[in-house]
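Scroll down for the structure; my scribbles are underneath it.
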Amino acid sequence: MNSTTRFKLSAMMFLEFFIWGAWFVTMGTYLGKNLLANDVQIGSAYSTQSLGAIIAPFIIGLIADKFFSAQKVLGVLHLVGGTLLWVAGTSLNFDGFFPFILGYMIAYMPTLALVNSISFKQMKDPGKEFPSIRVFGTIGWIIAGLVIGWLNWEQSGNLIFTFKMASVASVILGLLSFFLPDTPPVKKGEKTTFGEIIGLDAIGLLKNKSYLLFFLASVAICIPLAFYYNFTNPFLNEVGMKGAAGVQSLGQVSETLFMLLMPLFFARLGVKKMLAIGMIAWVIRYLFFAFGNADTNYWMLIGGIVLHGICYDFFFVTGQIYTDRLAGEKFKSAAQGFITLATYGVGMLIGSIISGMVVNKYVVEGGHIWQSIWIIPAGIAGLVALLFLVFFRDKNKPVTEANAI
């Protein structure tokens, strides 16, 4: 890969995740303070990510893979998305905001797969070359949080600028996309079935009882995951943390560090211990949030944020590796699509709805009873971890055509 291509791909990844991090982290705070939305509405707004994840495979499978080059689809989606974000940021109430943010997430979620496809097409050895490109995405997310914190948009009530900043970045990436390396459709002229699009070809994996337990645990653990994504920023602002969005970027720093250390941990601990540690970390994180504050127990708030690396990498990344290993060569892509649809689609959708209802239940004058709120996802994560530890067995037998559907 030449230096020009590397620069273009790195810029693409930086902008892709800068855009997401620029508005997604603080949306709950914006909706509550600026649009006076209740917590159920905030949960509904975050559920648009899941709805976008459910629809994304159809956009990729029916459009990008069959008719148009990936970079052109990426460009159009980001230009449309930039417009939708700008309009969403000008909405005067939640009812006016929701349709535009839903439309935006339907446009944005497919781009996560597209940027990977464009990158892989240019690489001879993705295993070695991709991490150095993908890391710019994490840097983009971190920079977005630091900019919001540095400009003090949370405390000054100017979070409307997050949508405008993300909108401008989206338009820039949309225009840049048309100058990215050509990535022609990979299934041009081929028939695509509904089952292929949503990964049903890999459903045979569920015949493995251990994988079935992992699959159910993955969906269940997305319920406490939604609490973190949807309400951490409003929580931190409410308890008095300054520059909360910037501080939250420590979670992505932690994620990057543990991602680099994962091969070492994986070799020493194995699948079951890695997955279990990831789930137990969720319990500890929420207990830290339940008993932390901006005064004497400030370290607990920081600890809960920094634990993101273990929470995410040890469970979700390990799960992707476990799925890949178990799927067998023929079903690798279908299996990854299947587990992604189940977790970020179905699991996060359920989690967004439940988290909004729970947080809304503990509203008091001037804020929320956050200790009672965080105990609930801690309990859910603890129950999932307990059942997983008792019943999971790592039976590494790849699926074949004989034991698939």
Side-chain angles (χ1 to χ4, degrees), residues 1 4-27 48-50 52-53 55-57 59-60 63-65 68-86 88 101 103-123 126 129-148 162-183 229 245 248-249 251-253 255-256 259 312 316-317 320 336 340 344:
M1 185 191 307
T4 301
T5 299
R6 176 174 290 277
F7 175 80
K8 288 181 179 179
L9 295 179
S10 299
M12 174 189 71
M13 281 294 181
F14 178 90
L15 288 169
E16 175 75 14
F17 288 92
F18 177 90
I19 293 163
W20 198 3
W23 66 273
F24 189 77
V25 173
T26 57
M27 179 173 68
T48 59
Q49 172 191 250
S50 302
I55 296 172
I59 295 177
I60 300 299
I63 299 176
D65 283 351
F68 303 103
S69 296
Q71 80 278 4
K72 294 179 180 178
V73 179
L74 180 71
V76 170
L77 289 175
H78 273 297
L79 290 174
V80 171
T83 302
L84 291 171
L85 267 184
W86 187 277
I101 208 65
Y104 175 75
M105 289 310 283
I106 291 172
Y108 178 81
M109 293 306 288
T111 68
L112 295 173
L114 289 171
V115 294
N116 289 343
S117 297
I118 293 167
S119 299
F120 291 148
K121 182 68 175 178
Q122 308 307 315
M123 298 175 181
E129 297 177 89
F130 185 68
S132 64
I133 299 295
R134 175 58 181 82
V135 72
F136 281 93
T138 303
I139 293 171
W141 187 291
I142 292 170
I143 294 298
L146 292 176
V147 169
I148 295 169
T162 62
F163 293 95
K164 294 183 177 180
M165 178 172 70
S167 173
V168 172
S170 185
V171 171
I172 292 172
L173 179 52
L175 296 174
L176 171 66
S177 297
F178 293 101
F179 298 94
L180 293 172
D182 186 40
T183 310
Y229 282 158
Q248 280 184 260
S249 66
Q252 278 61 52
V253 175
E255 180 185 335
T256 303
M259 187 79 75
Y312 184 83
F316 286 98
V317 177
Q320 291 166 0
Q336 293 295 341
T340 299
Y344 284 95

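For the numbers below, each heavy atom of this structure counts, side chains included, while hydrogens, waters and symmetry mates do not.
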Q) Run the side chain to side chain contact (heavy atoms under 4.5 Å, CB included) check on Q49 and Y108 step by step: do they pass? A) CA-CA 9 Å; Q49 172 191 250; Y108 178 81; over 6 Å; no
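Judged purely by distance below 3.5 Å, without hydrogens or angles, the side chains of S132 and R6 pair a donor atom with an acceptor atom.
No donor-acceptor pair closer than 3.5 Å links the side chain of K8 to the backbone N or O of P181. Side-chain atoms of T183 do not come within 3.5 Å of backbone N or O of S69 as any donor-acceptor pair. Checked by atom type and distance alone, the side chain of Q252 never pairs as donor or acceptor with a backbone atom of T138 at under 3.5 Å.
Once rounded to the nearest 0.5 Å, the distance linking OG1 of T26 with CZ of F163 reads 6.5 Å. The CG atom of L74 sits 4.5 Å away from atom CD1 of I118, with the distance rounded to the nearest 0.5 Å. Summarising the geometry, atom CD1 belonging to I139 is positioned 7.5 Å from atom OG1 belonging to T256; distances are rounded to the nearest 0.5 Å. The line from CD1 of I172 to CD1 of I19 is 8.5 Å long, rounded to the nearest 0.5 Å. The structure places OG of S50 at 7.5 Å from CE of M109, a figure rounded to the nearest 0.5 Å. L114 contributes atom CG, which lies 10.5 Å from atom OG of S119 (distance to the nearest 0.5 angstrom).
Looking at heavy atoms from C-beta onward, L9 lies in side-chain contact with M12 at the 4.5 angstrom threshold. Between L112 and N116 there is no side-chain heavy-atom pair separated by less than 4.5 Å.
Under the 30°/60° scheme for interplanar angles, the aromatic rings of F24 and W141 are found to stand perpendicular.
Nearest heavy atom pair, residue G21 against residue A144, reads C-CB, 3.8 Å. Taking all atoms of both residues into account, the shortest heavy-atom contact from L146 to S249 is CD2-OG, 3.8 Å. Shortest non-hydrogen contact noted between W20 and M105 is NE1-CE, 4.2 Å.
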Determine all donor-acceptor pairs shorter than 3.5 Å in which one atom belongs to a side chain in residues 77-86; sequence neighbours excluded.
residue: H78; atom: ND1; partner: S170; partner atom: OG; Å: 3.3
residue: H78; atom: NE2; partner: E16; partner atom: OE1; Å: 2.9
residue: T83; atom: OG1; partner: L79; partner atom: O; Å: 3.2

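The environment of F136 atom CZ is sparse: at most 12 non-hydrogen atoms of other residues, nucleotides or ligands sit within 6.0 angstrom.
Remark: aromatic rings of W23 and Y104 are close, center separation under 6.0 Å.
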